[in-house]
A.B. asks: 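Questions regarding the structure given below will be posed in turn.
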Amino acid sequence: MSTGNVFIAQISDLHIKRPGELAYGHVDTATALSRCIVEINRFVPRPDLVVVSGDLVDTPTRDEYDHLKALLEPLEIPLLAVPGNHDERALMRAALPDQPYAQAAGALNIASRAGAVDVVLIDSTVPNAPHGEIDAGTLAWIDTTLAASTTRPALIFLHHPPYLTGIGHMDRQNLRNADQLAILLRRHARVRLIAAGHVHRATLSTFAGLAATICPAPNHAVALDLDERYPPSLKVEPPGFHLHAWFAGEDFGTVVTHVVPIGDFEGPHPFFGRDGRSL
Ligand SMILES: [Fe+2]
């Protein structure tokens, strides 16, 4: 029986290469994605939706998108995807023809639903540039999309974080017109979360008075270098994804974001025995 709760798995920054190639000479991103899909498929309760917040492939090439499609085949849950700076709009449109992109050309924006929740996926990419910027047409579309209801909660997804992380080389590729997005979001009380990617690390902040998160990656992390000690670097840290759980309630309900580690770990071991005493 449905509880009315909504569970959205967010995965980000897959960086799929051609078969047999490693990302940055070190990371088997294909195996990492396959492990992530196993984790999502076996998660209980089953997520209603999987959102991919950009950087589906790495270079990008058609071969990489073909590899991506093959790797996504075992995923048993509907998927929505927006691009990151490593994607290319035309190649992505061609590779994922079933995606319900709102515009027939240009930005790959999506307005969809998961149960009682509206999900709004924003294309924050600038062709041939690593930083993010939401174009004027997309800003207008976001405003219109959010104005379509005053009662349904809405969750926002995009690739480029609208807030600083303290990791200098990533912050220089941030969402450049975050101030324009903030003005717009403040007009719509039904937005409950803004969820980004790009940094390959789980972070939590606030933006425009909203909870704001960055999703970890299923593969490598950007090194947590808050002092610019290193050149831009990656570290192979425990992989993960975000599980955004929405629970019905007053004021457009509550969203809690869980970091789900990917892998086989010991447990669960019960805390208590049959007599109710601690083991
Ligand atoms: Fe990125």
Side-chain angles (χ1 to χ4, degrees), residues 5-16 33 36-37 39-41 43 45-57 60 64-65 68-125 132 134 138 141-142 144-146 148-149 152-161 181 190-198 212-218 241-246 255 257-258 260:
N5 301 331
V6 175
F7 301 99
I8 299 174
Q10 180 190 2
I11 63 177
S12 201
D13 299 270
L14 314 180
H15 287 267
I16 297 304
L33 176 57
C36 179
I37 289 172
E39 200 75 50
I40 291 173
N41 281 343
F43 194 87
R46 172 148 288 204
D48 300 279
L49 176 69
V50 175
V51 168
V52 192
S53 49
D55 287 357
L56 283 69
V57 301
E64 290 177 345
Y65 282 107
L68 170 80
K69 281 164 59 176
L71 291 165
L72 288 175
E73 200 66 35
L75 183 64
E76 298 166 359
I77 298 162
L79 173 144
L80 296 174
V82 280
N85 51 299
H86 285 259
D87 292 301
E88 203 272 325
R89 285 173 175 168
L91 287 173
M92 190 164 152
R93 226 181 244 282
L96 304 173
D98 296 335
Q99 290 290 297
Y101 293 123
Q103 291 85 20
L108 305 182
N109 303 305
I110 297 174
S112 188
R113 291 181 167 199
V117 173
D118 284 350
V119 288
V120 180
L121 282 71
I122 299 169
D123 182 345
S124 60
T125 63
I134 302 173
T138 295
W141 173 83
I142 297 167
T144 305
T145 299
L146 291 175
S149 171
R152 291 175 59 84
L155 309 185
I156 306 277
F157 295 89
L158 79 173
H159 182 68
H160 293 85
L181 180 63
R190 70 192 187 104
V191 178
R192 302 303 285 142
L193 174 73
I194 180 155
H198 189 51
T213 60
I214 297 173
C215 185
F241 66 91
H242 268 171
L243 194 282
H244 304 291
W246 178 85
V255 180
T257 297
H258 295 275
V260 184

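Below, all heavy atoms of this structure are taken into account, side chains as well, without hydrogens, waters or symmetry copies.
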A.B. asks: Decide yes or no for I134 and W141: does some side-chain heavy atom of the first lie under 4.5 Å from some side-chain heavy atom of the second?
C.D. replies: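 No - every pair of side-chain heavy atoms lies 4.5 Å or more apart.
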
A.B. asks: For the residue pair I110 and A81, what are the closest heavy atoms and their distance?
C.D. replies: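 Here I110 and A81 meet closest at CD1-O, 3.7 Å.
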
A.B. asks: Determine the sole option in V255, L155, V50, D48 for which the side-chain contact (heavy atoms from CB on, under 4.5 Å) test with I8 is passed.
C.D. replies: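 Exactly one candidate clears the test, L155.
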
A.B. asks: Check the pair L75, N41 against side-chain contact (heavy atoms from CB on, under 4.5 Å), reporting the backbone distance first and the verdict last.
C.D. replies: CA-CA 7 Å; L75 183 64; N41 281 343; 3.8 Å; yes

A.B. asks: Quick check for you: to the nearest 0.5 Å, what is the distance between L14 atom CG and L68 atom CG?
C.D. replies: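 Here the rounded value is 6.5 Å.
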
A.B. asks: Quick check: F157 with H242 (ring centres under 6.0 Å apart)?
C.D. replies: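 So the answer is no for these two rings.
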
A.B. asks: Hey, what do you get for CD (Q10) to CG (L80), rounding to the nearest 0.5 Å?
C.D. replies: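 Result: 12.0 Å between the selected atoms.
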
A.B. asks: For R89, enumerate each residue passing the side-chain hydrogen bond (donor to acceptor under 3.5 Å, both in side chains) test, keeping only those at least two apart in sequence or located in another chain.
C.D. replies: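 Partners of R89 under the side-chain hydrogen bond (donor to acceptor under 3.5 Å, both in side chains) test: D123.
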
A.B. asks: Excluding sequence neighbours, so at least two apart, what forms side chain to side chain contact (heavy atoms under 4.5 Å, CB included) with P97?
C.D. replies: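 If we apply the side chain to side chain contact (heavy atoms under 4.5 Å, CB included) test to P97, skipping adjacent residues, there are no hits.
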
A.B. asks: Shortest non-hydrogen contact from L146 to A154?
C.D. replies: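 Minimum heavy-atom separation between L146 and A154: CD2-CB, 3.9 Å.
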
A.B. asks: Measure from the side-chain N and O atoms of R190 to the backbone N and O of R152, and report whether any donor-acceptor pair falls under 3.5 Å.
C.D. replies: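 Yes, because the side chain of R190 sits within donor-acceptor range (under 3.5 Å) of the backbone of R152.
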
A.B. asks: Quick check: does any side chain N or O of S124 sit under 3.5 Å from a backbone N or O of H160, one acting as donor and the other as acceptor?
C.D. replies: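 Looks like yes, one N/O pair under 3.5 Å.
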
A.B. asks: The criterion is side-chain hydrogen bond (donor to acceptor under 3.5 Å, both in side chains); which residues satisfy it with R46, sequence neighbours excluded?
C.D. replies: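 Counting only residues at least two positions away or on another chain, R46 forms a side-chain hydrogen bond (donor to acceptor under 3.5 Å, both in side chains) with E76.
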
A.B. asks: Are the side chains of L49 and V117 in contact, using a 4.5 Å heavy-atom criterion?
C.D. replies: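 A side-chain contact under 4.5 Å is absent here.
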
A.B. asks: Which distance, rounded to the nearest 0.5 Å, do you find between the NE2 of H86 and the CE of M92?
C.D. replies: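 Reported value, rounded in 0.5 Å steps: 14.0 Å.
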
A.B. asks: Which heavy atom in P47 sits nearest to a heavy atom in L243, and how many Å separate them?
C.D. replies: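 Here P47 and L243 meet closest at CG-CD2, 4.1 Å.
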
A.B. asks: Using the test ring-ring contact (aromatic ring centres under 6.0 Å, His included), find all partners of H159 that sit at least two apart in sequence or belong to another chain.
C.D. replies: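 Partners of H159 by the ring-ring contact (aromatic ring centres under 6.0 Å, His included) criterion, ordered by chain and then number, come out as H198.
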
A.B. asks: Would you compute the distance between atom OG1 of T138 and atom CG of L181 and round it to the nearest 0.5 angstrom?
C.D. replies: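 Between atom OG1 of T138 and atom CG of L181 there are 11.0 Å.
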
A.B. asks: Set out, in order, the CA-CA distance, both residues' side-chain angles and the distance that settles side-chain contact (heavy atoms from CB on, under 4.5 Å) for D87 and T125, then state yes or no.
C.D. replies: CA-CA 9 Å; D87 292 301; T125 63; 5.9 Å; no

A.B. asks: Rounded to the nearest 0.5 Å, what separation is found between the CD1 atom of I122 and the OG atom of S53?
C.D. replies: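 One gets 12.0 Å once the value is rounded to the nearest 0.5 Å.
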
A.B. asks: Would you mind reporting whether L121 and S112 have side-chain heavy atoms less than 4.5 Å apart?
C.D. replies: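 No, their side chains stay 4.5 Å or more apart.
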
A.B. asks: Answer whether the closest heavy-atom distance between the side chains of L158 and V82 falls below 4.5 Å.
C.D. replies: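 Of all side-chain heavy-atom pairs linking V82 with L158, none is under 4.5 Å.
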
A.B. asks: With sequence neighbours left out, which residue pairs that include part of residues 104-113 fulfil the salt bridge (Lys or Arg N to Asp or Glu O under 4.0 Å) condition?
C.D. replies: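 As it turns out, the salt bridge (Lys or Arg N to Asp or Glu O under 4.0 Å) pairs with a partner in residues 104-113, which skip direct neighbours, are R113-D118.
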
A.B. asks: Assess whether side-chain contact (heavy atoms from CB on, under 4.5 Å) is satisfied between L91 and E64, documenting all intermediate values.
C.D. replies: CA-CA 10 Å; L91 287 173; E64 290 177 345; over 6 Å; no

A.B. asks: Is the shortest side-chain heavy-atom distance between L108 and Q99 below 4.5 Å?
C.D. replies: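 When only atoms from C-beta onward are counted, Q99 and L108 do not touch, as no gap falls below 4.5 Å.
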
A.B. asks: Tell me the closest heavy-atom pair linking P153 and A116, and the distance in Å.
C.D. replies: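 Looking at all heavy atoms of both residues, the closest pair is CD-O, 3.4 Å.
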
A.B. asks: Measure the OG1-CG distance between T257 and L193 for me, rounded to the nearest 0.5 Å.
C.D. replies: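 Separation between the atoms: 5.0 Å.
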
A.B. asks: Sequence neighbours left out, what pairs pass salt bridge (Lys or Arg N to Asp or Glu O under 4.0 Å) with at least one residue falling in residues 96-112?
C.D. replies: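 The answer is none; no pair qualifies.
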
A.B. asks: Taking it one step at a time, do N85 and D55 satisfy side-chain contact (heavy atoms from CB on, under 4.5 Å)?
C.D. replies: CA-CA 6 Å; N85 51 299; D55 287 357; 3.5 Å; yes

A.B. asks: Please report the closest heavy-atom contact between F241 and I11, naming both atoms and the distance.
C.D. replies: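 Between these two residues, the closest heavy atoms are CB-CG2, 3.8 Å.
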
